[in-house]
Number of protein chains: 2
Amino acid sequence: MPRQLPQPSRDSLDLITILAALADPVRLTLMRAMYTRPGADDCAAVADGIEVGAPTISHHYRVLREAGLTTTTVEGRRRVVTIRREDLEARFPGLLAAVLAPEPADQPARA
Amino acid sequence: MPRQLPQPSRDSLDLITILAALADPVRLTLMRAMYTRPGADDCAAVADGIEVGAPTISHHYRVLREAGLTTTTVEGRRRVVTIRREDLEARFPGLLAAVLAPEPADQPARA
DNA sequence: GGTAACGTTCGACGGATGTCAAAGTATTTG
DNA sequence: CAAATACTTTGACATCCGTCGAACGTTACC
């Protein structure tokens, strides 16, 4: 049976905590990967290509979960992490889209 | 003549830096005050009611400006700080609205 | 010129944060 | 059971961050 790790309730989500959680290159990369990639991905798959050690990735996933950005489910010996889209949209409408949307290329499109 | 303090160009705005700048209670309060209050406010007026010393307020205004969130203009012996709405909307559409919009009351409205 | 007003800069201090290596905990597989 | 897999936890370390008191510019006003 998939067990779910503790996470803050929707009502107790705090914007400062959420912004602080997003204000890190590794965590923003993880969030973007989960956001653009549909379906639930496991930790290792998403973290693939990030140049920090496993303990650091684990630490960042914990920060995201404790900030209320993600839900972590234990499935066997792997963790499945998903973004709490509904809760976040309910409390801070438009935030995820504004922050995680792929940025337009730095060079303006030439006709 | 009003002199303008140095600030990053629109193209060099960095999301991580912006999120980090917003992820502080004092700075978020300053931004909200400037956002909801139309027209340009001077530092002291906006900072009124925040419980930290003057050097700290000054420090936070600098962080906001260096992150590209605000423009600071020197007018005589006071500074006028305004949010760079156009630049921010161009680079990160919807971000200001999502972050600075007054949060709905924590208690759900009862009919 | 002298003084008050407004804000900045400097230096210091304590607490938080990101990272890693080493050891630990479940869980699956042979 | 033993070994391998997939993460986590712990402890340490360096760095960054928010805050303050004190001193410093500028500008305005008498």
Side-chain angles (χ1 to χ4, degrees), chain A residues 1-7 14-31 33-34 40-82, chain B residues 1-7 14-31 33-34 40-82:
Chain A
M1 313 141 84
R3 191 169 49 92
Q4 183 176 323
L5 268 48
Q7 65 184 33
D14 173 51
L15 182 56
I16 299 275
T17 306
I18 286 175
L19 291 174
L22 292 169
D24 176 273
V26 173
R27 290 193 293 264
L28 195 62
T29 301
L30 292 175
M31 286 295 290
M34 290 186 280
D41 271 310
D42 63 298
C43 288
V46 168
D48 209 34
I50 302 184
E51 303 209 336
V52 300
T56 301
I57 293 288
S58 184
H59 161 73
H60 286 305
Y61 271 123
R62 181 210 274 257
V63 172
L64 290 175
R65 174 173 53 84
E66 291 182 344
L69 283 163
T70 59
T71 293
T72 302
T73 307
V74 179
E75 284 190 5
R77 62 187 162 184
R78 64 159 49 85
R79 271 72 175 155
V80 177
V81 184
T82 58
Chain B
M1 314 141 84
R3 192 169 49 92
Q4 183 177 326
L5 268 49
Q7 65 183 30
D14 173 52
L15 182 56
I16 298 274
T17 306
I18 286 176
L19 291 174
L22 292 170
D24 175 275
V26 174
R27 291 194 293 264
L28 195 62
T29 301
L30 293 174
M31 287 294 291
M34 293 185 279
D41 273 319
D42 62 300
C43 290
V46 168
D48 209 36
I50 301 185
E51 305 209 336
V52 301
T56 302
I57 293 288
S58 184
H59 162 73
H60 285 307
Y61 271 122
R62 181 210 273 257
V63 172
L64 290 176
R65 175 173 54 83
E66 291 182 341
L69 284 163
T70 60
T71 293
T72 301
T73 308
V74 179
E75 284 189 7
R77 62 184 165 189
R78 63 157 53 85
R79 270 72 174 157
V80 178
V81 183
T82 58

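Fair warning: this is a prediction, and the values are worked out from it, not measured in the lab. Below, read A as the first sequence line, B as the second, and so on, with proteins coming before strands; counting in each chain starts at 1. The basis for the numbers below is simple: all heavy atoms, side chains too, and nothing from hydrogens, waters or symmetry mates.
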Any side-chain heavy atom of A:Ile18 within less than 4.5 Å of one from A:Asp14? no
Less than 4.5 Å apart, side chain to side chain, heavy atoms only: is that true for B:Leu22 and B:Met31? yes
Could you check whether any side-chain N or O of B:Thr56 sits under 3.5 Å from a backbone N or O of B:Val52, counting only pairs where one atom can act as donor and the other as acceptor?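 A pair under 3.5 Å: no.
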Donor-acceptor under 3.5 Å (B:Ser58 side chain, B:Ala54 main chain):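 No, B:Ser58 side chain to B:Ala54 backbone: no donor-acceptor pair under 3.5 Å.
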Show each protein N/O and nucleotides 24-30 of chain D N/O combination with a separation under 3.5 Å, one pair to a line.
none

Would you mind reading off the distance between A:Arg78 atom CZ and C:dT29 atom P, rounded to a whole angstrom?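 Answer to the nearest Å: 10 Å.
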Rounded to the Å, how far apart are B:Ile16 CD1 and D:dC16 C1'? 15 Å
If you measure from CZ on B:Arg65 to OG1 on B:Thr71, what distance do you get to the nearest 0.5 Å? 9.5 Å
Once rounded to the nearest 0.5 Å, what's the spacing between atom CD1 of A:Ile16 and atom CZ of B:Arg27?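 Here the interatomic distance stands at 9.0 Å.
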Using a 4.0 Å heavy-atom cut-off, write out nucleotides 9-21 of chain C from 5' to 3' as B (base contacted by protein), S (sugar-phosphate only) or - (no contact). B--------SBBB
A:Gln4 and A:Thr72 side chains, donor-acceptor separation under 3.5 Å: no
According to side-chain hydrogen bond (donor to acceptor under 3.5 Å, both in side chains), who are the partners of A:Arg62, at least two apart in sequence or on a separate chain?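 Partners of A:Arg62 under the side-chain hydrogen bond (donor to acceptor under 3.5 Å, both in side chains) test: A:Glu66.
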